[in-house]
Amino acid sequence: MTTAGLSIKLRDLSVPDYVLDPYCRLWLPLYRGDTDAASYMSKDAYGHTITRTEALWRPNGHYFDGVDDWIDCGGGSSLFSTTGTIEIW
């Protein structure tokens, strides 16, 4: 882009759609299309191997029918704590 003789080069910063909190133990953005495989890595700093069973991928996120759908987050030591807050929405 050029404005009044000033040349400015724009670049793609590839900013994620969340701010990575180093204290976040598990981040599963189930609305994103890159989590539609049966197994994938969590989006937190720990990179847990996640296995999804039976939940269907739809354009607006995963669909859980409440019968036989589940997510296995593995057994990483970072998932176990005696203090903290669990937030699900």
Side-chain angles (χ1 to χ4, degrees):
M1 169 174 32
T2 304
T3 304
L6 179 63
S7 179
I8 301 171
K9 183 176 181 182
L10 302 175
R11 62 186 173 115
D12 177 21
L13 297 177
S14 299
V15 178
D17 62 348
Y18 63 92
V19 176
L20 185 59
D21 180 348
Y23 298 103
C24 177
R25 303 291 179 109
L26 183 65
W27 174 249
L28 298 177
L30 298 176
Y31 61 90
R32 292 176 45 158
D34 59 351
T35 61
D36 64 343
S39 183
Y40 55 92
M41 301 297 285
S42 64
K43 305 302 180 190
D44 51 70
Y46 297 92
H48 302 286
T49 300
I50 306 300
T51 304
R52 177 187 51 80
T53 302
E54 298 297 325
L56 301 174
W57 169 250
R58 294 184 176 177
N60 60 343
H62 285 83
Y63 174 73
F64 294 86
D65 63 14
V67 177
D68 57 357
D69 309 332
W70 53 274
I71 293 179
D72 181 351
C73 300
S77 62
S78 66
L79 294 175
F80 301 100
S81 177
T82 58
T83 61
T85 301
I86 296 175
E87 185 173 333
I88 301 171
W89 73 95

Find the distance between CE (M41) and NE2 (H48) and round it off to the nearest 0.5 Å. 9.0 Å
Test S42 against W27 for side chain to side chain contact (heavy atoms under 4.5 Å, CB included), laying out the working first. CA-CA 6 Å; S42 64; W27 174 249; 5.8 Å; no
Can you hop from L79 to L28 via hydrophobic side chains spaced under 4.5 Å? yes
Do side-chain atoms of R52 reach the backbone of I71 as a donor and acceptor pair under 3.5 angstrom? no
Is D44 reaching over with its side chain to a backbone N or O of C24, donor-acceptor style, under 3.5 angstrom? no
Between the OG1 atom in T53 and the CG atom in D68, the distance rounded to the nearest 0.5 Å is 9.0 Å
Residues R25 and F80: closest non-hydrogen pair is NH1-O, 4.2 Å
Shortest non-hydrogen pair, C73 vs L26, comes out as SG-CD2, 3.6 Å
If two hydrophobic side chains count as joined below 4.5 Å and joins carry through other members, does I50 share a cluster with F64? yes
Any non-hydrogen side-chain atom of W70 less than 4.5 Å from a side-chain atom of E54? no
